[in-house]
Amino acid sequence: MSASFTGRTVALCVAGGIAAYKAVVVARLLIQAGAKVIPLMTASGARFVGKITLSGVCGEAVIDDMWDPKFSGEAHVAIAERADAIAIVPATADLLARLAQGRADDLVAALCLVARSPIVVAPAMHPRMWQHPATQHNVALLRERLHFVGPVHGAVANGDVGMGRMSEPEAIVAAIGEALGKRDLEGRHVVVSAGPTVEDLDPVRFIGNRSTGKMGFAVAAAASARGARVTLVSGPVSLATPPGVARVDVRSAIDMGDAIDRAMADADALIMAAAVSDYRPRAVDPDKTKKSGDTVTIELVKNPDLLARVGARRGESKHPVLVGFAVETRDLVGYARAKLAQKKVDLVVGNLAAHGFGGDDDEVVIVGATSERPLRGSKRAIADAILDDVVMRLHA
Ligand code: CTP
C-alpha cells in the first residue's frame with residue numbers, strides 16, 4: 001500500500017461493471033489511508049452497487065446527477081476543484097470510448113474533461129471487449145492522458161479467463177497514490193496567511209479590501225496535499241477549510257500578526273497571501289458612531305508590516321523560506337523586486353489588481369532575486385508552482 005493520503009481528496013467514479021463492488025473496497029482503503037473520497041456513479045454504475053453502501057463508506061452522498069440543482073449546472077467543475085485525483089473504478093469499454101472522444105455526456109465524462117488533476121482508470125471488462133480493436137484504439141489514445149492500472153489476466157465475472165479482470169483494490173490505491181505524486185513537504189510546517197484583514201471603526205463599520213482568500217486557501221490546500229503540516233491564518237472569508245489544514249481565524253492586522261508570530265515558532269516557510277491593511281483607525285468607537293457634519297475625517301495609524309517583521313527577525317538566515325505577494329496596478333516586476341529587498345524575503349508573487357480578485361484562475365509573475373517566472377493558470381496550479389520553489393529553497 002502506498003504512503004499516507006492525509007489531506008488528499010480523491011473523486012472515485014464508479015462505472016457499470018460487475019467489478020463495481022470492489023470500488024467500495026477501494027473507497028474504504030483510501031479512507032483508511034487518510035483520503036477524503038467524493039463518490040460518483042454513472043447511471044449504469046448505480047445498477048451494480050448500492051448508492052447507500054458507497055455513500056455510507058465515504059461519509060458523503062453519492063453524486064450521480066449532472067443536473068443536481070445544488071451545483072447550479074456546474075457539478076463537474078465544483079468536483080474538479082476539490083479533487084486532487086480522479087479514479088475510475090471500474091472503467092468500462094463504453095466509458096473509455098467516451099473519454100477517448102472527449103465527450104461530456106454524463107457527469108463522470110464531463111469531470112474528466114474539466115479536471116486538471118491526474119486521472120487513474122482501472123478497466124474491467126470481458127477479455128473479448130478489452131481485445132477488440134475499437135477498445136485497444138481508445139486505450140492507445142488514452143494512455144497519453146490517463147494513468148492505467150490493469151486490467152490483469154484472470155477470471156472475469158462469467159468465469160471466462162483472459163485479460164480484462166480489474167486490478168485488485170490495493171493495486172488501484174497504490175496507482176492513485178503514485179498519480180497523486182509528490183509528498184515533498186512531509187515533515188514540514190508551512191504557515192499561510194489568506195484573505196483580507198478588517199479594521200473596525202465601530203461595532204458595525206470597518207475598513208476592508210476585496211481579497212477573497214482564494215489564493216491563500218489554494219496554497220494551504222496544495223501544501224497539505226504535499227504532506228506539510230499547514231497553519232492557515234485567515235481574515236474573514238467565506239471559504240471552506242482545506243482538508244488537513246489547521247485554521248486560525250483573525251480579523252485585524254494586529255491579530256493576524258500575533259497568530260503568525262505564534263505559528264512561526266517552528267515553521268519552515270511562510271506564504272503571506274493575505275491582503276493586510278496598511279493602516280487602522282487610531283481609535284475604535286465602542287458605540288456606533290452617529291452621523292454629524294457633512295464631512296468626517298478618520299485618522300489612521302500605520303499597521304506593522306507583518307512579513308517584513310518576520311523577514312527582519314530571520315536576518316541573514318535563509319530559514320524559514322518567506323514568500324510575499326504584491327498586488328499592483330502597474331510595473332509589476334519593478335515593485336515586486338523592490339518588496340523582495342524591503343521585506344527581506346525569498347520570493348514575491350506579483351499580480352495585477354485587474355486579474356486577481358475572486359476568480360479561480362490568475363496570471364502572476366513569481367519574482368526571485370535573480371529570476372522572473374510568468375505563470376498563468378488555476379490558483380491551485382500557481383500554488384503548486386510557488387511550493388515547487390519553496391521546496392527547492394528548503395533543500396538548498
Ligand atoms: N504585508 C504585510 N503586512 C502589511 C502589509 C503587507 O505582511 N502591513 C504583506 C502582504 O501580505 C504581502 C506583501 O506584504 O505579502 C505585500 O503587500 P502590499 O500591500 O502589496 O505591499 P506593501 O508593502 O503594503 O506596499 P504598497 O501597499 O505600498 O504597495
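Ligands are counted one by one from 1 in listed order, and the atoms in each one are counted from 1 as well.
- For the pair R205 and D285, the salt-bridge criterion is not met [side-chain N within less than 4.0 Å of a carboxylate O].
- Under a 4.0 Å heavy-atom criterion, K302 is not in contact with ligand 1.
- Side chains of C112 and I88 form a contact here, defined as non-hydrogen atoms less than 4.5 Å apart.
- Given atom 21 (O) of ligand 1, the protein heavy atom at minimum distance is K339 NZ, 3.0 Å.
- Residue contact check: G324 has heavy atoms under 4.0 Å from atoms 15 (O) of ligand 1.
- Protein heavy atom at the shortest distance from atom 3 (N) of ligand 1 is L306 N, 3.0 Å.
- Of all the listed residues (A253, P304, A353), P304 holds the heavy atom that lies closest to atom 8 (N) of ligand 1.
- Nearest protein heavy-atom contact of atom 7 (O) of ligand 1 is L307 N, 2.8 Å.
- Side-chain atoms of K302 and D278, non-hydrogen and from C-beta on, never get closer than 4.5 Å to each other.
- The backbone N or O of D384 sits less than 3.5 Å from a side-chain atom of R226, completing a donor-acceptor pair.
- Using a distance-only test at 3.5 Å, with no hydrogens or angles considered, no donor-acceptor pair links the side chain of R251 to the main chain of V198.
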Walk me through it: do S167 and V152 pass the test side chain to side chain contact (heavy atoms under 4.5 Å, CB included)?
CA-CA 6 Å; S167 289; V152 294; 3.9 Å; yes
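- Interface atoms of ligand 1 facing D305, defined by a heavy-atom separation under 4.0 Å, are 1 (N), 2 (C), 3 (N), 4 (C), 7 (O), 8 (N), 23 (O).
- The residue A275 has no part lying near ligand 1, judged by heavy-atom distances below 4.0 Å.
- The distance criterion of under 3.5 Å between nitrogen or oxygen atoms is met by D278 with respect to ligand 1.
- Using a distance-only test at 3.5 Å, with no hydrogens or angles considered, no donor-acceptor pair links the side chain of N351 to the main chain of E363.
- A distance-only check finds no donor-acceptor pair linking the side chain of S224 to the backbone of V230 [under 3.5 Å].
- In terms of N/O distances under 3.5 Å, ligand 1 is not approached by V323.
- Each of the following atoms of ligand 1 lies closer than 4.0 Å to a heavy atom of A274: 10 (C), 11 (O).
- What sits closest to atom 16 (C) of ligand 1 on the protein, heavy atoms only, is F325 O, 2.7 Å.
- With a 4.0 Å heavy-atom cut-off, ligand 1 is reached by no atom of Q342.
- Residues V349 and M215 are not in side-chain contact: their nearest non-hydrogen atoms beyond the backbone lie 4.5 Å or more apart.
- In this structure, atom 29 (O) of ligand 1 is in close contact with the protein, since a protein heavy atom lies within 4.0 Å of it.
- Between M256 atom CE and N303 atom CG the span is 11.0 Å, to the nearest 0.5 Å.
- With hydrogens left out, the protein atom closest to atom 22 (P) of ligand 1 is K343 NZ, 3.7 Å, a heavy atom.
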